[in-house]
Amino acid sequence: QVQLVESGGGLVQAGGSLRLSCAASGSIHSINAMRWYRQPPGKQRELVAGITSDGSTNYADSVKGRFTISRDNAKNTVYLQMNSLKPEDTAVYYCNADIRRWRMLVPDNYWGQGTQVTVSS
């Protein structure tokens, strides 16, 4: 079994910063891409940022220059540093990863339970 557990969400004023963490645990052989998604109230889930196993990153246009995704492969953890937060960044943030379990030949896709980020104006 594999679990993704997010932490670091909360309430912050506009212009502030938060750092989200997502730790993967369980019977893990290797982790390929790791991603952060978010779902604003009443809207669809959208990709915020992604990072490959070798550290290549991509970002949604709306967060470029403000958010930074990184990972610690030794800890099976991905981070999202969010700076200059805006009220429109308010959402539930979800961690997502492609994880290969031991004795499996291909990776499966896993989701965390989500963490709320609220930015007040």
Side-chain angles (χ1 to χ4, degrees):
Q1 189 72 314
V2 170
Q3 281 190 319
L4 296 176
V5 179
E6 299 107 332
S7 60
L11 174 64
V12 64
Q13 288 189 330
S17 298
L18 282 175
R19 188 193 194 207
L20 305 183
S21 299
C22 171
S25 63
S27 180
I28 296 171
H29 174 274
S30 57
I31 303 177
N32 296 345
M34 304 185 82
R35 310 169 189 88
W36 287 98
Y37 284 78
R38 67 185 180 186
Q39 187 164 16
K43 297 185 179 181
Q44 290 189 332
R45 194 172 297 189
E46 61 183 7
L47 178 64
V48 175
I51 185 168
T52 64
S53 57
D54 63 0
S56 297
T57 59
N58 64 282
Y59 297 92
D61 288 342
S62 59
V63 307
K64 282 180 181 176
R66 300 188 299 122
F67 290 10
T68 301
I69 189 171
S70 60
R71 62 191 286 173
D72 185 333
N73 291 330
K75 296 181 179 180
N76 290 336
T77 299
V78 63
Y79 305 95
L80 186 67
Q81 178 66 44
M82 304 185 294
N83 298 329
S84 302
L85 282 161
K86 304 175 181 179
E88 51 263 44
D89 294 318
T90 294
V92 178
Y93 283 72
Y94 296 91
C95 176
N96 175 269
D98 299 324
I99 299 174
R100 180 185 164 194
R101 291 180 291 155
W102 288 104
R103 295 191 296 276
M104 302 299 286
L105 297 179
V106 296
D108 291 314
N109 188 258
Y110 294 88
W111 289 91
Q113 82 286 354
T115 185
Q116 177 70 46
V117 171
T118 302
V119 185
S120 63
S121 57

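Residue P107 comes nearest to N32 through the heavy atom pair CG-ND2, 3.6 Å, listed as atom of the first residue, atom of the second, then distance.
Evaluation of the ring-ring contact (aromatic ring centres under 6.0 Å, His included) test over residues 4-30, restricted to residues two or more places apart or in two chains, returns H29-W102. The salt bridge (Lys or Arg N to Asp or Glu O under 4.0 Å) contacts involving residues 66-80 comprise R66-D89, where partners must be two or more places apart or lie in separate chains. The salt bridge (Lys or Arg N to Asp or Glu O under 4.0 Å) contacts involving residues 107-121 comprise R101-D108, where partners must be two or more places apart or lie in separate chains.
There is a path of hydrophobic side-chain contacts, each under 4.5 Å, that joins I51 to I28. No chain of hydrophobic side-chain contacts below 4.5 Å, direct or via other Ile, Leu, Val, Met, Phe, Trp or Tyr residues, connects L80 to Y94. Following chains of ILVMFWY side-chain contacts shorter than 4.5 Å, one can reach M34 starting from V2, so the two form part of one hydrophobic cluster.
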Could you tabulate the donor-acceptor pairs under 3.5 Å formed by side-chain atoms of residues 114-121, not counting sequence neighbours?
{"from": "T115", "atom 1": "OG1", "to": "G9", "atom 2": "N", "distance (Å)": "3.3"}
{"from": "Q116", "atom 1": "NE2", "to": "A91", "atom 2": "O", "distance (Å)": "3.4"}
{"from": "Q116", "atom 1": "NE2", "to": "T118", "atom 2": "OG1", "distance (Å)": "3.3"}

Show me the donor-acceptor pairs, under 3.5 Å and distance only, between side chains in residues 11-22 and residues at least two apart or in other chains.
{"from": "S17", "atom 1": "OG", "to": "N83", "atom 2": "OD1", "distance (Å)": "2.9"}

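Within the model, atoms CD1 of I99 and CG of N76 stand 7.5 Å from one another, a figure rounded to the nearest 0.5 Å. For the atom pair CG (N73) and OG (S53), the distance works out to 7.5 Å, reported to the nearest 0.5 Å. With rounding to the nearest 0.5 Å, the separation of CG in N109 from CG in D98 is 5.0 Å. The OH atom of Y79 lies 11.5 Å from the SG atom of C95; values are rounded to the nearest 0.5 Å. Distance CG/N96 to CG/L47: 8.5 Å, rounded to 0.5 Å. Atom OG1 of T57 is separated from atom CZ of R35 by 13.5 Å, given to the nearest 0.5 angstrom.
For the ring-ring contact (aromatic ring centres under 6.0 Å, His included) test, no residue two or more places apart in sequence or in another chain qualifies with Y59. Applying the side-chain hydrogen bond (donor to acceptor under 3.5 Å, both in side chains) test to Y37 and every residue at least two apart in sequence or in another chain returns nothing. When the side-chain hydrogen bond (donor to acceptor under 3.5 Å, both in side chains) test is applied to K64, the partners found at least two apart in sequence or on another chain are D61. For T52, the side-chain hydrogen bond (donor to acceptor under 3.5 Å, both in side chains) test picks out D54, with sequence neighbours left out. By the side-chain hydrogen bond (donor to acceptor under 3.5 Å, both in side chains) test, S62 is found to be paired with R38, residues two or more places apart in sequence or in another chain being considered.
Hydrophobic cluster of V5: no remaining members, since no ILVMFWY side chain lies below 4.5 Å from it. Under a 4.5 Å side-chain heavy-atom criterion applied to ILVMFWY residues, the cluster that includes M104 comprises that residue alone.
Residues E6 and Y93 form no side-chain contact, since every pair of their non-hydrogen atoms from C-beta on lies 4.5 Å or further apart. I31 is not listed as a side-chain neighbour of V78, based on a closest heavy-atom distance of 4.5 Å or more. In this structure, R45 and W111 have side chains that are in contact, with non-hydrogen atoms separated by less than 4.5 Å.
Under a 3.5 Å cut-off, the side chain of Q81 and the backbone N or O of T68 do not form any donor-acceptor pair.
Annotation for Q113: atom CD counts as buried by contact number, over 12 foreign heavy atoms lying within 6.0 Å.
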